[in-house]
Amino acid sequence: MTIMPQQKRRKDMRNVAIIAHVDHGKTTLVDALLQQTGAYIFKEGETVIMDSNPLEKERGITIFSKNASLRYKDHLINLVDTPGHADFGSEVERILRMVDGVLLLVDAFEGPMPQTKFVLKKSLELHLKPIVVINKIDRPNARPTEVVNQTFDLFCELNATDEQLDFPIVYASGKDGLATLELDEKPTDMKPLLDTIIHRVLPPVADSEQPFQMLVTILDYDTYIGRIAVGRIVHGTIRVGAQVALVKRDGTIIKSKVTKILAYQGLVRVERQQAEAGDIVSLAGVEDVRVGETLASPEHPVALPTVNVDEPTISMNFSHNTSPLSGKDGGRFLTSRHIRERLAHEAMMNVGIKVEEADGGERFTVSGRGELHLSILIETMRREGYELEVSPPKVIFKDIDGDRLEPVEEVVIEVDPGYQGSVIEALGNRRADLKDMQQSSVGTIRMVFHIASRALMGFRSELLMMTRGTGVMSQIFLEYQPFKGEVPRRSAGVQISHGPGKAVAYALWGLQDRGEIFMRPGDSLYEGMILGVNNKGQDLVVNGIREKKLTNIRAAGSDDAINLIPPRELTLEYALEFIEEDELVEVTPKNIRLRKRYLTDNERRSARNASKKG
């Protein structure tokens, strides 16, 4: 019998990722651990320092993976805060390659949710050691014991091994900075969780004597030092100024020199002269490096297994802004060349995004993992000063053995009793299959549906209306299934501006009886711009700049009071869900507008005739 050589491990280090559903408290828990170990001293009133991106602060979710390190009992613990939303799955999959264990956070009230299933499945496939943290035990109506049983059932459903099923459980309140191993014990600090990490997570496999190898799992960019390759050193050591070989996916080898080595100390990147196996570091100086490629010793340029990322399921067309108001909203990047360069940069940094040129480079087809994934990109570009037009999201079909397949999602909806009938009827019309329905211990009804991705577009706002704002919906990509057939689209038409000018209160007052209005008095209009909804079902060209005729004759009751209903605030997500095939979303740094693809009535009529002939 052949005895395998024992792998060397760094006993003084633990690499751990924190994974969870959206808003289950990952970032707050990391903050508590940083404060417990003194890695970061909070200023008065300061909270949630990991989510430093403005978009993350506004939405309250983690979008970009972030690293932190802390020292506890002579051990260096590298923590990675990963996104909880399945649309950012490419971030999760790459990060899990750098760690040896995961903290699975589950809300003590909500229990396991769709994204909990998504990230847990990824970690179990990589044979990582899970630690289950039941977070928010201080929350009213918390039910930690019931949630532990649901989590165990989820592990069984995902075919966890016997070793993975023997997971430790820690009960915590990240907000209060408390953790305990037993519910009947009064927690005092976060030490029980830190001790569990040290005792239950394996030290990283690391042999400093072997030739240098590092898999690039994340790319960063700095305007001064260029591209930065982030990953965990698997073997060997690296020094500033050392030669490295970049092993491309096609086997090509490019030699470069490391100009900077950056590592984390708390939340701050610090320069180091040397790093060794087991360290999570950022290396600068290697040009043309991409995610999934290997940095290795020039004398032993051997590639590591690459990162596999799930394929995109949704695509949109991006193009430069062609409306009459282009360049008047503070945009700095207005041409298709600017859009091309920005999207190329995004595709390089984010492996979950795919960009293809269309119409000779005037438009770009951008594919991603979901509407949220692409809407975050659009919002980021908007804040950077780009002006662009975006088409409605389309699902990406597959043809296998002559069968047409489409992406299907698992949707979990939680509503108060009395609303479930309306939800089931609405999703039934969209060809959804009800897979499970049960009442939770707090009285809400939780329903699980399987539904085609294209049928789900626009339903979130409809759900909020039918449940008076109380419905909660979570979704996750399930699999590709046979084409489900046609699904109903938007039943209402739109009101289209007939000419340019400023919106007038008197004109809007006369139009609001036809349907919901998107504009305010004084807003700029142009021909072909969408003012609001037409409940009658067909598109209608209207005059939004009409003023009241003034005469010097007055009579009692001849002047009506103008009472305008507050218009709907157009968000990017609502706009993308609302528009139809012949409409576009105009995105500028200051405004989000809806418009027809063809602005004049004659152009729209010609396009309709051409489509009928085609």
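Side-chain atoms are counted along with the backbone in the values below, which use heavy atoms only and exclude waters and symmetry mates.
For the pair Glu384 and Arg342, the salt-bridge criterion is met [side-chain N within less than 4.0 Å of a carboxylate O]. Residues Lys596 and Asp539 are paired through a salt bridge, judged by an N-O separation under 4.0 Å between the basic side chain and the carboxylate. Look at Lys129 and Asp100 and you find no salt bridge, because none of the NZ, NE, NH1 or NH2 atoms lies under 4.0 Å from a carboxylate O. A salt bridge between Glu389 and Arg597 is absent, with no side-chain N of the basic residue lying under 4.0 Å from a carboxylate O of the acidic one. Between Asp523 and Arg593, no side-chain nitrogen of the basic residue sits less than 4.0 Å from a carboxylate oxygen of the acidic one, so the salt-bridge criterion is not met. Between Arg340 and Glu357 there is a salt bridge, since a side-chain N of the basic residue sits under 4.0 Å from a carboxylate O of the acidic one. The existence of a salt bridge linking Arg454 and Glu406 is confirmed by a sub-4.0 Å separation between a basic side-chain nitrogen and an acidic carboxylate oxygen. Contact check on Glu110 versus Arg143 returns no salt bridge, with no Lys/Arg side-chain nitrogen under 4.0 Å from an Asp/Glu carboxylate oxygen.
Applying the side chain to side chain contact (heavy atoms under 4.5 Å, CB included) rule to Leu464 yields no partners; only residues at least two apart in sequence or on another chain are considered. Residues meeting the side chain to side chain contact (heavy atoms under 4.5 Å, CB included) test with Ser323, sequence neighbours left out: Asn321, Leu325, Tyr526, Glu586, Arg595.
Between the CZ atom of Phe155 and the CD atom of Gln164 there is a distance of 7.5 Å, given to the nearest 0.5 Å. A distance of 8.0 Å separates CG of Asp166 from CD of Glu163, quoted to the nearest 0.5 Å. Note that the OG1 atom of Thr444 and the CD atom of Glu414 stand 3.5 Å from one another [nearest 0.5 Å]. Residue Ile530 holds its CD1 atom at 11.0 Å from CE of Met519, rounded to the nearest 0.5 Å. Within the model, atoms OH of Tyr574 and CD1 of Ile579 stand 11.5 Å from one another, a figure rounded to the nearest 0.5 Å.
Lys484 NZ: more than 12 foreign heavy atoms inside a 6.0 Å radius. Within a 6.0 Å radius of CD in Glu479, other residues, nucleotides and ligands contribute more than 12 heavy atoms.
Geometrically, Arg568 does not engage Phe518 in a cation-pi contact defined by less than 6.0 Å to the ring centre and at most 45° from the axis. Cation-pi geometry between Arg604 and Tyr598 is not satisfied (NZ or CZ under 6.0 Å from the ring centre, within 45° of the ring normal).
No side-chain donor-acceptor contact under 3.5 Å links Glu356 and Thr365. Side-chain N/O atoms of Glu573 and Ser375 include a donor and acceptor closer than 3.5 Å.
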